[in-house]
Amino acid sequence: MAKYYVNKNAQANGDHEVHKSGCQFMPKPENRIYLGNFANCHDAVREAKRHYRQSNGCYFCSRPCHTG
Ligand SMILES: [Zn+2]
C-alpha cells in the first residue's frame, strides 16, 4: 500500500497528475489533495477522478496509470 495524492493544479494539457508518496515531483502540500492508501495506482486514479474528471497517473511514479 502507498499514499497517493492528486495535484490541484492541472498540467498544460488539463491533466491532474496522481502521485505516489515519495515521488520527486510531488506537489507542495498546499497544491495537493490526499486521496488515501491504495495497493495500486489504478485505484488511486479512480479516486482522483472523483475530484478531477481529467486525472492521470504521473509518468515517473505511476507509469502503469499514465496515458497519453
Ligand atoms: Zn509522481
Side-chain angles (χ1 to χ4, degrees):
M1 301 289 275
K3 291 182 168 67
Y4 284 87
Y5 300 83
V6 63
N7 196 332
K8 289 182 183 176
N9 301 314
Q11 303 302 111
N13 66 1
D15 282 354
H16 288 264
E17 288 191 319
V18 173
H19 297 274
K20 189 184 201 169
S21 181
C23 177
Q24 62 178 314
F25 298 103
M26 179 67 78
K28 291 191 175 74
E30 63 268 29
N31 292 327
R32 70 195 189 200
I33 296 170
Y34 175 61
L35 296 171
N37 251 305
F38 297 101
N40 59 66
C41 60
H42 295 284
D43 290 345
V45 170
R46 188 177 307 128
E47 178 67 21
K49 286 181 174 175
R50 296 175 56 195
H51 298 276
Y52 302 107
R53 195 173 54 82
Q54 195 174 335
S55 295
N56 195 8
C58 167
Y59 179 78
F60 298 94
C61 68
S62 303
R63 193 168 300 184
C65 298
H66 177 81
T67 58

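As a basis for the values below, the full set of heavy atoms in this structure was taken, side chains included, without hydrogen atoms, waters or symmetry mates. Each ligand, and each atom within it, is numbered from 1 in the order the structure gives.
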Please give me the protein atoms (N, O or S only) lying under 2.8 Å from the Zn ion (ligand 1), ordered by chain and number. His19 ND1, Cys23 SG, Cys58 SG, Cys61 SG
Does any N or O in the side chain of Arg63 come within less than 3.5 Å of the main-chain N or O of Tyr59, such that one atom is a donor and the other an acceptor? yes
Sequence neighbours excluded, the answer for side chain to side chain contact (heavy atoms under 4.5 Å, CB included) partners of His16 is Val6, Ala10, Tyr52, Ser55
Quick one: do Val45 and Leu35 end up in the same hydrophobic cluster if we chain Ile, Leu, Val, Met, Phe, Trp and Tyr together by side-chain heavy atoms under 4.5 Å apart? yes
Do the non-hydrogen side-chain atoms of Lys3 and Asn37 ever get within less than 4.5 Å of each other? yes
Going by side-chain hydrogen bond (donor to acceptor under 3.5 Å, both in side chains), name the residues that satisfy it together with Gln11, two or more places apart in sequence or in a different chain. none
Who pairs with Arg50 by salt bridge (charged side-chain N to carboxylate O under 4.0 Å, His left out), at least two apart in sequence or on another chain? Glu47
